[in-house]
Protein chains: 2
Amino acid sequence: MASTTKRRSRPTLELADARHAGYFNIGQAAEATGVSAKMIRHYESIGLMPVADRTFSNYRIYSDNDIHTLRFIKRARTLGFSMKQIEALLGLWQERRRSSAQVKKLALQHVAELEQRIAEMQAMRDTLQGLATRCHGDDRPDCPILEDLSGAGGSCCAKGH
Amino acid sequence: MASTTKRRSRPTLELADARHAGYFNIGQAAEATGVSAKMIRHYESIGLMPVADRTFSNYRIYSDNDIHTLRFIKRARTLGFSMKQIEALLGLWQERRRSSAQVKKLALQHVAELEQRIAEMQAMRDTLQGLATRCHGDDRPDCPILEDLSGAGGSCCAKGH
DNA sequence: GCTTGACCTTTCCACGATGGTAGGGCCCAA
DNA sequence: TTGGGCCCTACCATCGTGGAAAGGTCAAGC
């Protein structure tokens, strides 16, 4: 697990005091970062976010630093990184001795994954587009799309009755 | 539910007799279609495949027709159709009075979904590729990738300590 | 016939990331 | 004090697939 899982040792406070001191509750953190309260709790439970401090009445409170981390996670999700990859990126982010080569490697790995998935989906699209172009799209039942699905050979039997 | 959910009324048999009569057990059906036994049972449970007939000893048996249907599903999955879409396609396939227009509409809907997802992933890839190109990838910690994730503004503070 | 190993059966759990809901407690303003 | 809105936990659902456990069946070799 990343170092983010370790507990902090902020003093426990009343919610009003915490707000005075510049802390946010989970709803405010969600609003400020675009990460739902639900997901903030989830990220804590899987160790992506540090265990949040609580007020006396058990409300989670978040510092500016936490907000910053949540924005980082949000941005990384938007770029399609997985939780595992984000965990690694967060580790590097918080690592003073990191080398940019490590970060670049992670990013390029993800680029390669994206390329892979893009290529797969383009192949699907091209096949379907080709079939659809050859389909009359009228009232008659004859359809090259169904013929393809029904056994790409073409010389095969016609089902449907 | 599609008409595929209705039971058939094939006579119950011993397994050996069923094989003689040209039926397959689930393992053979899986082998012949590339759909795992697990997924064949799953497709039955969600009504995508008809409820399979059984031997006396409760083994599922499959006809050539079933094999054909499984291949249809497999091919449609390969083209990225969802279960819901496949249910509709199977319905049309088995419908004598279908119009090819209905099939074409489904296919083009799916093409549009694919285009959408492709565009999203291309945007991710382009952004990341750009960031990675600007990253030295050496031993130093400075990294435009982390800077982007850490608050795309650029003029923002640097975390990491 | 009996043993053995491969197969079949069902049921439950897991993934990844997110949303929802239910039942309870807390906070703040009127 | 009361009410509405927020927070807490704990659970279930999604979607498609894989895995494992615990038990029954089949087929081949002895």
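Every chain is numbered from 1 and lettered A, B, ... according to where its sequence line falls, protein lines coming before strand lines.
Residue pairs meeting the salt bridge (charged side-chain N to carboxylate O under 4.0 Å, His left out) criterion with at least one member in residues 128-141 of chain B, sequence neighbours excluded: Asp138(B)-Arg140(B). Residue pairs meeting the ring-ring contact (aromatic ring centres under 6.0 Å, His included) criterion with at least one partner in residues 122-143 of chain A, sequence neighbours excluded, do not occur; the list is empty.
Remark: Arg77(A) is not in phosphate contact with dG16(C), judged by side-chain N or O atoms under 4.0 Å from OP1 or OP2. The shortest distance between the side-chain N/O atoms of Ser57(B) and the OP1/OP2 oxygens of dC8(C) is not below 4.0 Å.
We find that CD of Glu87(A) is positioned 15 Å from C1' of dA17(C), with the value rounded to whole Å. At whole-Å resolution of the value, CD in Glu31(B) and C1' in dA6(C) are 14 Å apart. Taking atom CG of residue Asn58(B) and atom C1' of nucleotide dG23(D), one finds them 12 Å apart after rounding to whole Å. Protein atom CZ of Phe56(B) is 16 Å distant from nucleotide atom C1' of dC26(D), rounded to whole Å. The NE2 atom of His42(B) sits 10 Å away from the P atom of dT14(D) (whole-angstrom rounding). Whole-Å rounding puts the Glu44(A) CD to dC7(D) C1' distance at 13 Å. Counting to the nearest Å, the C1' atom of dG19(C) and the CD1 atom of Ile40(A) are 15 Å from each other. Rounded to an integer number of Å, the gap from CD of Gln85(A) to C1' of dG16(C) is 12 Å.
Taking only side-chain atoms of Ser82(A), from C-beta outward, the nucleotide of dA17(C), dT9(C), dT17(D) with the closest atom is dA17(C). Comparing dT18(C), dG25(C), dC8(C) by their nearest atom to the side chain of Tyr59(A) picks out dG25(C). Distance from the side chain of Arg60(A) is smallest for dT9(D) among the nucleotides dG18(D), dA17(C), dT9(D). In the set dC27(C), dG19(C), dT9(C), the nucleotide with an atom closest to the side chain of Ile26(B) is dT9(C). Minimum atom distance to the side chain of Arg54(A) is reached by dT9(D), of the listed dA17(C), dT9(D), dT25(D). Taking every side-chain heavy atom of Asn25(B) into account, dC7(C) is the closest of dT10(C), dC8(D), dC7(C).
The backbone N or O of Thr33(B) lies less than 3.5 Å from no partner atom in the side chain of Lys74(B), so there is not a single donor-acceptor pair. Side chain of Arg77(B) to main chain of Phe81(B): a donor-acceptor pair is present (N/O by atom type, distance under 3.5 Å, no hydrogens or angles).
Heavy atoms of Arg41(B) sit under 4.0 angstrom from at least one base atom.
A salt bridge does not link Arg60(A) with Asp53(A): none of the charged nitrogens is closer than 4.0 Å to a carboxylate oxygen.
Not a single donor-acceptor contact under 3.5 angstrom links the side-chain atoms of Tyr43(B) to the base of dG16(D).
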